[in-house]
Visitor: 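My questions will all concern the structure given below.
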Amino acid sequence: MSVNGEAVRVRAETDQTDEPGWDVDPDDAWALAVVATVGRQLRLRREAAGMRVGEFAAAVGYGEDLVYKIETGKRIPRPEYLDTADEVLGAGGLVAAMKEDVKKVRYPKKVRDLAQMEARAVELQLYDPLHIHGLLQTPEYSRALLSMRRPAYSTEEVERFIAARVARKAIFERDPAPDLSFVLEEWTLRRPLGGREILRSQLEHLLAAGKLRNVELQVMPMERYEHAGVDGGIEVLKFEDGSAVGRSPAVANGRPVSDLRQLRILELRYGIIRAQALTPRESASFIEQLLGET
């Protein structure tokens, strides 16, 4: 069973000329350098092929403005752009190969940093009091959630965030797999964000994820009289060398911490939250009940 869903975006051919790339974070020096290098290589290959910008834009099916922005390092090209450019320029796969370089910087720096830590972790303890955790969200649920943000994200930003969340789900496919523990609030499983069909799909996804041997899902019922998570979410990532990093709004103003005393506080709170929540088996039955009611 795979929980690594895909963010699918349907694009009509008539919209292709206006398809944007991703903006480059001006404070992300590494991304700026990578995108500038890729853009320079694309320009050199286009010029070597004797194609003007307008000719190349028409051949690849994108607007001239986008071609200029990509070649000058102002936009991150999408994978399909590089595939098409490779064919048009007869690059024999050399341009398409740059997708691996672009892949490393296509997401915001803070998301990349988090994904890198998750990729190294052997154990993750995760509690989000406001939403179903991002690692457990379906693309449709993520899109509904991100589209509700105010002030509103642009369509480009929404799609970029969804792609980043989907990419982080590679953690479920790792071998050896890390131990993943999630505590979910009941109310986040009841609120039909985006509609009941999206919620049903999300609940089914949670049931599938909970069946993985390395995943434990627990639900915190709303009827609990005591709750150790009132101070906000908790994330604790443990690594093979025995080190760990944690984060919570109630500790160090939400900044990542590795100090043993602060980590002990986070682990203590998370342990109590787990003890107060339903067991994994009870939680699966509870989610199945919610699914039947949705």
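Since this is a predicted model, take the numbers as computed values, not measurements. Numbering of residues begins at 1 and proceeds along the displayed sequence.
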Visitor: If the threshold is 4.0 Å, N to carboxylate O, is there a salt bridge linking R168 and E118?
Guide: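 A salt bridge is present here (some side-chain N lies under 4.0 Å from a carboxylate O).
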
Visitor: So which heavy atom on P249 is nearest to which on G233, and how close?
Guide: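 Closest approach of P249 to G233, heavy atoms only: CD-O, 3.3 Å.
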
Visitor: Take V60 and E87 through the test side chain to side chain contact (heavy atoms under 4.5 Å, CB included) and record every step on the way to the result.
Guide: CA-CA 9 Å; V60 296; E87 294 178 11; over 6 Å; no

Visitor: Same cluster for V245 and V257 if Ile/Leu/Val/Met/Phe/Trp/Tyr side chains link at under 4.5 Å?
Guide: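 They do not share one cluster, since no chain of ILVMFWY contacts under 4.5 Å joins V245 to V257.
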
Visitor: Report yes if the side chains of L278 and P221 come closer than 4.5 Å at any heavy-atom pair, otherwise no.
Guide: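 Yes, their side chains come closer than 4.5 Å.
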
Visitor: Kindly indicate whether the side chain of R247, heavy atoms from C-beta on, has any atom under 4.5 Å from the side chain of V236.
Guide: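 R247 vs V236: side chains apart.
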
Visitor: Kindly determine whether L126 and I234 satisfy side chain to side chain contact (heavy atoms under 4.5 Å, CB included), including the steps that lead there.
Guide: CA-CA 6 Å; L126 306 165; I234 295 175; over 6 Å; no

Visitor: To the nearest 0.5 Å, how far apart are CD in Q202 and CG in L206?
Guide: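 One gets 5.0 Å once the value is rounded to the nearest 0.5 Å.
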
Visitor: Test salt bridge (Lys or Arg N to Asp or Glu O under 4.0 Å) on R46 and E71; report intermediate values, then the result.
Guide: CA-CA 10 Å; R46 174 182 59 75; E71 291 188 355; 2.7 Å; yes

Visitor: Please report the closest heavy-atom contact between L266 and S248, naming both atoms and the distance.
Guide: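 The pair with the smallest heavy-atom distance is CD2-CB, 3.4 Å.
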
Visitor: Identify whether I76 and Y62 are in the same connected component of the hydrophobic contact network (ILVMFWY, side-chain heavy atoms under 4.5 Å).
Guide: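 Yes: a chain of side-chain contacts under 4.5 Å links I76 to Y62.
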
Visitor: Is it true that atom CZ of R174 has more than 12 heavy atoms of other residues, nucleotides or ligands lying nearer than 6.0 Å?
Guide: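 Yes - once you tally the heavy atoms of other residues, nucleotides and ligands closer than 6.0 Å, there are more than 12.
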
Visitor: What I'd like to find out is whether the side chain of P79 reaches to under 4.5 Å of the side chain of V102, using heavy atoms alone.
Guide: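 They are not in side-chain contact.
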
Visitor: Atom OG1 in T294, atom CG in L290: separation rounded to 0.5 Å?
Guide: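 Rounded to the nearest 0.5 Å, the OG1-CG separation comes out at 6.0 Å.
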
Visitor: Starting from L124, can I reach I265 by hopping between I/L/V/M/F/W/Y residues whose side chains sit under 4.5 Å apart?
Guide: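 The answer is no; the residues belong to distinct hydrophobic clusters.
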
Visitor: Shortest non-hydrogen contact from D83 to A96?
Guide: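 Scanning both residues, the minimum pair turns out to be OD1-CB, 3.6 Å.
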
Visitor: Measure the shortest side-chain to side-chain distance between V38 and L42 over non-hydrogen atoms and say whether it is less than 4.5 angstrom.
Guide: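 Side chain of V38 against side chain of L42, heavy atoms only: contact under 4.5 Å found.
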
Visitor: For Q218, run the side-chain hydrogen bond (donor to acceptor under 3.5 Å, both in side chains) check against R274, R281, Q276 and tell me which one passes.
Guide: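 Per the side-chain hydrogen bond (donor to acceptor under 3.5 Å, both in side chains) rule, the option paired with Q218 is R274, out of R274, R281, Q276.
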
Visitor: Can V251 be reached from M117 by stepping across I, L, V, M, F, W or Y side chains whose heavy atoms are under 4.5 Å apart?
Guide: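 Result: no, two separate clusters.
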
Visitor: Looking only at non-hydrogen atoms, find the nearest pair between A144 and G194 and report the distance.
Guide: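 So the minimum-distance heavy-atom pair works out to CB-CA, 3.7 Å.
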
Visitor: For R143 and I198: C-alpha separation, side-chain torsions, deciding distance, then whether side chain to side chain contact (heavy atoms under 4.5 Å, CB included) applies.
Guide: CA-CA 10 Å; R143 180 175 288 105; I198 288 178; over 6 Å; no

Visitor: In the structure I gave you, are the side-chain heavy atoms of Y81 and V67 within less than 4.5 Å of one another anywhere?
Guide: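 When only atoms from C-beta onward are counted, V67 and Y81 do touch, with a gap below 4.5 Å.
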
Visitor: Do other residues, nucleotides or ligands put more than 12 heavy atoms under 6.0 Å from the CD atom of E293?
Guide: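 Counting other residues, nucleotides and ligands, CD of E293 exceeds 12 neighbours.
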
Visitor: Any chance you could measure L263, atom CG, to R261, atom CZ, to the nearest 0.5 Å?
Guide: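 Reported to 0.5 Å precision, the distance equals 10.5 Å.
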
Visitor: Is the CZ atom of R224 crowded by more than 12 outside heavy atoms at less than 6.0 Å?
Guide: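 Yes, CZ of R224 has more than 12 neighbouring heavy atoms, counting only those of other groups under 6.0 Å.
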
Visitor: Could you list the donor-acceptor pairs under 3.5 angstrom formed by side chains in residues 176-190, with sequence neighbours left out?
Guide:
residue : atom : partner : partner atom : Å
S181    : OG   : Y270    : OH           : 2.6
E185    : OE2  : Y127    : OH           : 2.6
E185    : OE2  : H227    : NE2          : 2.5
E186    : OE1  : M222    : N            : 2.8
E186    : OE2  : R190    : NE           : 2.6
E186    : OE2  : R190    : NH2          : 3.2
W187    : NE1  : P129    : O            : 3.2
T188    : OG1  : E185    : O            : 2.6

Visitor: Rounded to the nearest 0.5 Å, what separation is found between the CD atom of E123 and the CG atom of L237?
Guide: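 One finds 9.5 Å between CD of E123 and CG of L237.
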
Visitor: Hey, does F239 have a side-chain heavy atom less than 4.5 Å from the side chain of V122?
Guide: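 With C-beta onward as the side chain, the pair stays apart.
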
Visitor: Within a strict 4.5 Å, meaning less than it, do heavy atoms of the L136 and L217 side chains meet?
Guide: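 Yes, at least one pair of side-chain atoms sits under 4.5 Å.
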
Visitor: Roughly how far, to the nearest 0.5 Å, is CD of E235 from CG of L135?
Guide: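 These two atoms lie 8.5 Å from each other.
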
Visitor: For L89 and A49, which heavy atoms make the closest approach, and how far apart are they?
Guide: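 Heavy atoms only, the tightest pair is CD2-CB, 4.0 Å.
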
Visitor: Under the 3.5 angstrom rule, does the side chain of R165 hit a backbone N or O of G134 as a donor-acceptor pair?
Guide: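 No; judged by distance alone, with no hydrogens or angles, the pair does not exist.
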
Visitor: Looking at S201 and E197, would you say the former's side chain and the latter's main chain have a donor-acceptor pair under 3.5 Å?
Guide: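 No, the answer is negative, given that no donor and acceptor are paired below the 3.5 Å cut-off.
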
Visitor: With hydrophobic residues grouped by side-chain heavy-atom distances under 4.5 Å, do L291 and M220 end up in a single group?
Guide: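 No: no chain of side-chain contacts under 4.5 Å links L291 to M220.
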
Visitor: Measuring only between side-chain heavy atoms, which start at C-beta, is R52 closer than 4.5 Å to E64?
Guide: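 Side-chain contact under 4.5 Å: no.
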
Visitor: How many angstroms lie between CZ in F56 and CZ in R43, if you round to the nearest 0.5 Å?
Guide: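 Rounded to the nearest 0.5 Å, the CZ-CZ separation comes out at 13.0 Å.
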
Visitor: Test side chain to side chain contact (heavy atoms under 4.5 Å, CB included) on Q41 and L94 and set out the steps.
Guide: CA-CA 10 Å; Q41 289 298 317; L94 294 178; over 6 Å; no

Visitor: Answer yes or no: is there a donor N or O on one side and an acceptor on the other, between the side chain of D86 and the main chain of V95, under 3.5 Å?
Guide: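 The answer is yes, because a donor-acceptor pair under 3.5 Å joins these two groups.
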
Visitor: Take atom CZ in F286; do more than 12 heavy atoms of anything else shown fall under 6.0 Å from it?
Guide: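 Yes - once you tally the heavy atoms of other residues, nucleotides and ligands closer than 6.0 Å, there are more than 12.
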
Visitor: Looking only at heavy atoms, what is the nearest atom pair of S147 and V158, with distance?
Guide: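 Closest approach of S147 to V158: OG-CG1, 4.3 Å.
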
